[in-house]
A.B. asks: 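Shown below is the structure under consideration.
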2 protein chains.
Amino acid sequence: MDNRLDIVFSALADPTRRSILRMLLEDDMAVTDVAEPFEMSLAAISKHLTILTRAGLISQDKRGRVKWCKIEPDALRDASVWMQGFGQFEPVNLDDFERFLEGELAPPAPPLPDHRS
Amino acid sequence: MDNRLDIVFSALADPTRRSILRMLLEDDMAVTDVAEPFEMSLAAISKHLTILTRAGLISQDKRGRVKWCKIEPDALRDASVWMQGFGQFEPVNLDDFERFLEGELAPPAPPLPDHRS
DNA sequence: CGCATATTCAACCTAATGGTTGACGATTGC
DNA sequence: GCAATCGTCAACCATTAGGTTGAATATGCG
């Protein structure tokens with residue numbers, strides 16, 4: 001795994017890590033708090049956070065014994081630009097995104113309505 | 001790996017598969033022709049194509065003994081929508097996107113994500 | 001028909017991934 | 001000072017991913 005895109009895309013390929021990113025979208029969080037809603041060990045979450053950090057998707061700032069995690073949206077830029085290269089698709093907006101998030105949090109819902117005429 | 005995004009992102013996480021997508025962006029290709037520039041077996045490429053197909057990123061149409069591979073840009077939409085969700089917080093995406101559009105690979109006038117302030 | 005071509009299948013190998021547990025080093029607060 | 005808390009490290013385990021090779025299955029052509 002040499003390429004930057006490899007690292008970013010494979011970081012994004014894990015649902016736990018995407019959930020973490022969604023959480024951090026709301027606010028910065030300590031590692032323990034990030035781990036709290038998940039049904040896996042703290043060590044596992046710590047590993048996920050390391051992967052997200054190496055992908056540049058988050059940054060971690062240790063203050064005292066607490067390590068604060070902060071989202072770094074810039075890192076998605078390369079991947080986003082790459083994908084736009086295929087971009088014969090329709091505009092996306094915040095409504096779509098929110099609907100999409102609900103879809104992923106509630107698995108039975110389909111990912112997206114088809115808005116390609 | 002159940003989620004749709006899991007499949008798309010992990011399909012995109014491999015450099016060989018991204019190369020294949022770039023090639024197919026130019027034109028539809030037979031499996032053998034896709035494999036030609038790579039230094040790996042045809043079987044390996046065949047597997048990559050299966051993964052891309054399952055991710056919905058390409059489609060394969062068998063005519064005679066030749067299986068034609070065709071890019072399916074729509075499948076990137078979900079992932080793109082997801083990523084744009086992070087872009088809402090920083091305008092940097094738009095600048096880069098526009099710069100990218102002025103570059104060589106640019107498809108014509110794709111609409112920008114709606115910021116909606 | 002018989003052979004070459006196109007693609008996949010099956011078995012196998014190695015390395016990476018995602019998880020566990022328990023011990024450990026820092027830091028904080030009583 | 002000492003115990004609790006925060007987070008990582010190390011060792012381990014099971015599964016998946018990406019590759020190989022060789023055989024198998026279609027299909028096209030002379």
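Throughout, protein chains are lettered first and strands after them, A, B, ... in sequence-line order, and every chain is numbered starting at 1. We use all heavy atoms of the structure for the numbers below, so side chains are in, but hydrogens, waters and symmetry mates are not.
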A.B. asks: When rounded to the nearest 0.5 angstrom, what distance separates CD in Q60(B) from CH2 in W68(B)?
C.D. replies: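 Going from CD on Q60(B) over to CH2 on W68(B), the span is 12.5 Å.
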A.B. asks: Could you tell me the separation between the CG atom of D14(A) and the C1' atom of dA16(C), rounded to a whole number of Å?
C.D. replies: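 It works out to 14 Å between those atoms.
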A.B. asks: Does dT8(C) have OP1 or OP2 under 4.0 Å away from a side-chain N or O of K67(B)?
C.D. replies: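 Yes, such a contact exists.
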A.B. asks: From dT20(D), dT27(C), dG18(D), pick the nucleotide closest to the side chain of H48(B)?
C.D. replies: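 Selected nucleotide (nearest to the side chain): dG18(D).
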A.B. asks: According to the salt bridge (charged side-chain N to carboxylate O under 4.0 Å, His left out) rule, which pairs have a member within residues 23-45 of chain A, sequence neighbours left out?
C.D. replies: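 Those involving residues 23-45 of chain A do not exist here.
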A.B. asks: Using only heavy-atom distances, decide whether a donor-acceptor pair under 3.5 angstrom links the side-chain of R65(B) to the base of dT7(C).
C.D. replies: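 It does not, because no donor-acceptor pair links the side chain of R65(B) to the base of dT7(C) below 3.5 Å.
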A.B. asks: If I take atom CZ in residue F9(A) and atom P in nucleotide dA16(C), what distance separates them, rounded to the nearest angstrom?
C.D. replies: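 Result: 22 Å.
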A.B. asks: Please determine, for the side chain of V66(B), which listed nucleotide (dG19(D), dA6(C), dT20(C)) has the closest atom?
C.D. replies: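 So the side chain of V66(B) is nearest to dA6(C).
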A.B. asks: So, is S46(A) near the phosphate of dT8(D), with a side-chain N or O under 4.0 Å from OP1 or OP2?
C.D. replies: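 For S46(A), the contact criterion (side-chain N or O under 4.0 Å from OP1 or OP2 of dT8(D)) is met.
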A.B. asks: Roughly how many Å is it from CZ in F38(B) to C1' in dG19(D), rounded to a whole number?
C.D. replies: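 F38(B) atom CZ is separated from dG19(D) atom C1' by 14 Å.
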A.B. asks: Once you apply a heavy-atom cut-off of 4.0 Å, does R63(B) come out as touching a base, just sugar-phosphate, or nothing?
C.D. replies: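 No contact.
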A.B. asks: Determine the minimum heavy-atom distance between L5(A) and N3(A), stating which atoms define it.
C.D. replies: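 Shortest heavy-atom contact: N-OD1, 2.6 Å.
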A.B. asks: Can you say whether a donor on the side chain of K62(A) sits under 3.5 Å from an acceptor on the base of dG7(D), or the other way round?
C.D. replies: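 No such pair is found, so the answer is no.
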A.B. asks: Could you pick out which residue, D33(A) or R17(B), lies toward the 5' side of DNA chain D when each is mapped onto its nearest nucleotide?
C.D. replies: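 Counting from the 5' end, the first nearest nucleotide belongs to D33(A).
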A.B. asks: Give one of base, sugar-phosphate or nothing for A30(A), where a contact means two heavy atoms less than 4.0 Å apart.
C.D. replies: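 Touches sugar-phosphate only.
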A.B. asks: Counting side-chain heavy atoms from CB outward, which of dT8(C), dT20(C), dG7(D) is closest to Q60(B)?
C.D. replies: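 Nearest to the side-chain atoms of Q60(B), counting from C-beta on, is dT8(C).
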A.B. asks: Could you please name the option among dG19(C), dT20(C), dG19(D) that lies closest to any side-chain atom of S41(A)?
C.D. replies: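 The answer is dT20(C).
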A.B. asks: Nearest to the side chain of L42(B) - dA4(C), dT8(C), dG18(C)?
C.D. replies: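 The nucleotide sitting nearest to the side chain is dT8(C).
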A.B. asks: Drop me the distance from R18(A)'s CZ to L57(A)'s CG, to the nearest 0.5 angstrom.
C.D. replies: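 The CG atom of L57(A) is 12.0 Å from CZ of R18(A), to the nearest 0.5 Å.
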A.B. asks: In whole Å, what is the span from the CG atom of D61(A) to the P atom of dC6(D)?
C.D. replies: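 Answer to the nearest Å: 17 Å.
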A.B. asks: Counting side-chain heavy atoms from C-beta on, which of dT20(D), dT8(D), dG18(C) comes nearest to I51(A)?
C.D. replies: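 Ranking dT20(D), dT8(D), dG18(C) by closest atom to the I51(A) side chain puts dG18(C) first.
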A.B. asks: Working to the nearest 0.5 angstrom, can you tell me the gap between H48(B) NE2 and I20(B) CD1?
C.D. replies: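 Between atom NE2 of H48(B) and atom CD1 of I20(B) there are 6.0 Å.
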A.B. asks: Mind calculating the distance between CD1 (I58(B)) and P (dT7(C)) to the nearest angstrom?
C.D. replies: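 To the nearest whole Å, that distance equals 12 Å.
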